[in-house]
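Here is the naming used below: chain letters follow the sequence lines, and residue numbers restart at 1 for every chain.
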There are 2 protein chains.
Amino acid sequence: MVRGVYGEGRVKIVDVAAAAGVSVTTVSHVISGRRPVSAATRARVEDAVRRLGYQADPSARGLRTQRTHTLGLVVPDITNPFNTELAAGVQEIAFTGEYLTVVCEAPMQGPGLPAVLRRLTARRMDGIIIGRYGAGRADLDLVTASGARLVRLGSRLADGPGDVVRAAETEGMRDLVRHLVRERGYRNIGFIGGEQGVEPGGERFEGYAQALGDAGLTVPEGLVAWTGFTREGGRAGAARLLDAPHPPDALVCANDLIAIGALDVARQRGLDVPGRLAITGYDDIDAAAMVTPALTTVLNPAREIGRSAARLLLDRMEGETGPAREIVLAHRLVRRESA
Amino acid sequence: MVRGVYGEGRVKIVDVAAAAGVSVTTVSHVISGRRPVSAATRARVEDAVRRLGYQADPSARGLRTQRTHTLGLVVPDITNPFNTELAAGVQEIAFTGEYLTVVCEAPMQGPGLPAVLRRLTARRMDGIIIGRYGAGRADLDLVTASGARLVRLGSRLADGPGDVVRAAETEGMRDLVRHLVRERGYRNIGFIGGEQGVEPGGERFEGYAQALGDAGLTVPEGLVAWTGFTREGGRAGAARLLDAPHPPDALVCANDLIAIGALDVARQRGLDVPGRLAITGYDDIDAAAMVTPALTTVLNPAREIGRSAARLLLDRMEGETGPAREIVLAHRLVRRESA
DNA sequence: CTGAAAGCGCTTACAG
DNA sequence: CTGAAAGCGCTTACAG
């Protein structure tokens with residue numbers, strides 16, 4: 001029977017020391033490996049740790065070391081598949097480093113972010129990843145002032161403190177639209193964005209506009225709609241653009257959900273996709289490959305973004321003190337049926 | 001300029017006490033409200049807390065109180081939309097109670113679960129929710145022996161220690177299949193399950209079998225396939241059943257992903273759904289309403305399950321000592337186009 | 001209504 | 001190679 005697991009009261013470091021016939025100092029050093037211990041002593045201690053099922057108390061350790069071994073991740077919407085993948089990537093790396101991860105939701109707009117950040121800094125996170133745009137300078141300073149390491153997702157290094165991880169959004173959209181123009185011959189290409197002014201809508205729009213410019217085209221008059229990053233937004237945007245005087249032959253959407261909404265409208269109006277109307281998404285969430293026709297889209301490497309962000313944080317916590325870094329991840333065009 | 005936020009070194013309770021001209025005892029009591037403090041003193045202390053931006057150190061507090069104010073949630077797959085909703089529900093309640101939530105992934109089979117559980121108990125979670133079937137008695141005992149409160153999801157109260165939250169799975173499937181038989185007149189109804197022996201496949205199968213029994217029907221020979229809870233599993237299962245000597249006129253699937261895979265096969269074979277073949281899912285994940293035809297399915301109240309589990313845990317941590325409880329949540333039939 | 005002091009369980013200078 | 005002891009920042013009996 002393993003005491004401390006089945007017995008009353010937890011096993012403490014003094015119990016291990018007594019069992020091994022050494023001081024707590026030595027037990028601590030065997031566990032941390034921060035100072036040489038003779039092989040014989042080490043073996044006795046390790047044996048005692050195992051027999052007693054000793055696990056150091058994280059609060060006691062944290063109080064002494066001023067570290068919680070915990071990471072915070074803040075995203076606008078936990079249930080969004082993109083953020084879920086992101087979180088999975090963070091967890092994957094954090095877990096191997098014996099860190100725990102706390103994922104919190106904070107709405108894209110409004111006062112939610114500082115409140116959530118304060119909660120996280122109050123709990124002394126060792127590192128915080130802000131996985132959303134729209135974090136102001138004051139929000140970011142809240143994090144760094146707390147002593148937590150900071151990684152921002154999506155924005156640019158110049159926008160504030162901490163390291164940055166982002167995908168090449170503009171380039172991704174440019175490649176997609178270039179494909180539409182060059183490979184598929186579409187000419188009158190509309191754009192449906194999310195909420196106006198909310199990233200990554202702007203960057204994706206820019207890629208779209210660049211690709212048109214590169215092809216000697218301009219953004220068609222009246223064929224840009226800003227709605228919301230949802231299926232409903234896609235329906236509203238598609239309906240509006242298809243009712244324009246010169247309706248588009250292709251609809252480039254700022255994300256997959258919007259594209260799925262656009263698909264609804266096309267189906268409802270009996271428009272063949274991609275024969276009569278091409279529709280493209282962005283992100284490549286699971287649903288993109290489930291709808292009919294399957295979406296042509298751009299893979300946004302959510303999991304890899306999460307992994308990179310967590311690695312950056314772990315590096316910093318292990319003492320890496322170099323200048324701020326920016327990691328830009330490649331996108332990938334995913335050609336399916338809708339364009 | 002708020003010291004402790006922008007200054008070097010954090011504000012400690014002694015700093016607040018000095019600023020307010022009282023003892024740390026009094027500051028502590030003002031914050032916790034655990035003993036009466038005169039209005040004037042309280043005001044001075046609260047003012048000092050605000051001015052200095054004081055936030056108690058969680059490690060110090062935890063060391064003293066033996067609580068981490070943290071909840072753990074273990075699920076088989078973080079990226080599964082059902083689990084994501086579940087986690088969102090847990091977080092929602094935990095957050096209002098000032099608890100942080102750590103979501104961990106542990107594979108459905110294999111030695112992953114005890115390892116993850118050990119990690120969580122090592123970190124002294126105040127409560128743990130096991131959101132997956134297949135947790136053995138030893139796993140559960142690991143949790144309770146650590147002192148953490150336990151809530152199990154999905155299984156029955158009799159299966160082990162802790163409180164239980166579950167949805168009425170069998171009843172949900174029974175209602176769905178009853179609908180198929182009575183309202184829609186299907187007679188030769190096949191079943192595609194997940195991995196054999198992995199819940200909630202068994203409970204759902206039982207509901208299917210019960211509904212057939214109630215209608216004087218039996219489970220049709222050769223029309224049951226156990227594959228996996230994935231789109232791929234659905235494809236394999238549907239292909240097999242449709243090649244049977246007496247192919248089914250309806251395919252009841254153990255979850256939505258399986259149903260989406262079955263839909264793939266129907267489309268590929270040119271089978272009209274639901275005219276020639278009905279297909280149903282279970283869970284009502286977002287994608288269920290995105291595919292064509294939209295899935296008829298059963299809503300599995302993931303978020304509410306999460307909320308209930310978290311509430312149970314918070315109650316217990318506030319001292320609730322009654323006997324173990326089991327909360328059973330209602331399902332809801334969602335009629336769409338596929339059946 | 002308020003305070004002095006013990007003690008939670010670790011890690012880490014300091015000393016030998 | 002090893003140990004005695006200070007101290008991390010709180011909460012809570014204990015005392016008045």
**Prompt:** Should R34(A) be listed as having a side-chain N or O under 4.0 Å from OP1 or OP2 of dT12(C)?
**Reply:** yes
**Request:** Give a yes-or-no answer on whether the side chains of T41(A) and R44(A) include a donor-acceptor pair shorter than 3.5 Å.
**Result:** no
**Interatomic distance where NE2 belongs to H69(B) and P belongs to dC10(D) [whole Å]** = 15 Å
**Message:** At 4.0 Å (heavy atoms only), tell me whether V22(A) reaches a base, stays on the sugar-phosphate, or touches nothing.
**Reply:** sugar-phosphate
**Item:** Atom-pair distance (CG on D57(B); C1' on dG9(D)), nearest Å
**Value:** 6 Å
**Request:** May I have the distance from I13(A) (atom CD1) to dT12(C) (atom P), rounded to whole angstrom?
**Result:** 11 Å
**Request:** Select one nucleotide: of dT12(C), dC1(C), dA5(C), the one nearest the side-chain heavy atoms of T65(A).
**Result:** dT12(C)
**Asked** Tell me: CZ of R64(B) to P of dG9(C), nearest whole Å?
**Response** 10 Å
**Asked** Do the side-chain N or O atoms of S23(B) get closer than 4.0 angstrom to the phosphate oxygens (OP1, OP2) of dT2(C)?
**Response** no
**Heavy-atom closest pair, residues Y54(A) and V11(A)** = CD1-O, 3.5 Å
**Heavy-atom pair with the smallest gap, counting every atom of N83(B) and P76(B)** = ND2-CD, 4.0 Å
**Prompt:** Given atom CG of L63(A) and atom P of dA6(D), what is their separation to the nearest angstrom?
**Reply:** 17 Å
**Message:** Classify T41(A) by what it touches in the nucleic acid, base, sugar-phosphate, or nothing, heavy-atom distance under 4.0 Å.
**Reply:** sugar-phosphate
**Asked** Donor-acceptor pair under 3.5 Å: do we get one between R35(B)'s side chain and the base of dG3(C)?
**Response** yes
**Prompt:** Does OP1 or OP2 of dG9(D) have a side-chain N or O of Y54(B) closer than 4.0 Å?
**Reply:** no
**Asked** So what does S38(A) touch, heavy atoms closer than 4.0 Å: a base, only the sugar-phosphate, or nothing?
**Response** sugar-phosphate
**Message:** Tell me which nucleotide, if any, is Watson-Crick or G-U wobble paired with dC14(C) when both distances must be under 3.5 Å.
**Reply:** dG3(D)
**Item:** H29(A) NE2 to dC1(D) P, straight-line distance once rounded to whole Å
**Value:** 12 Å
**Asked** For the pair made of CZ in R42(A) and C1' in dT2(D), what is the distance, rounded to whole Å?
**Response** 13 Å
**Asked** Just how far, in rounded Å, is P of dC10(D) from CG of D15(B)?
**Response** 9 Å
**Asked** Would you say a side-chain N or O of Q66(B) is under 4.0 Å from OP1 or OP2 of dG9(C)?
**Response** yes
**Message:** For a quick test of reading the model, state the closest non-hydrogen atom pair linking A19(B) to L52(B) and the distance between them.
**Reply:** CB-CD1, 4.0 Å
**Fill in**
For P301(B) and A167(B), the nearest pair of non-hydrogen atoms, with its separation, is CD-CB, 4.2 Å
**Message:** Does dT2(D) have OP1 or OP2 under 4.0 Å away from a side-chain N or O of T25(A)?
**Reply:** no
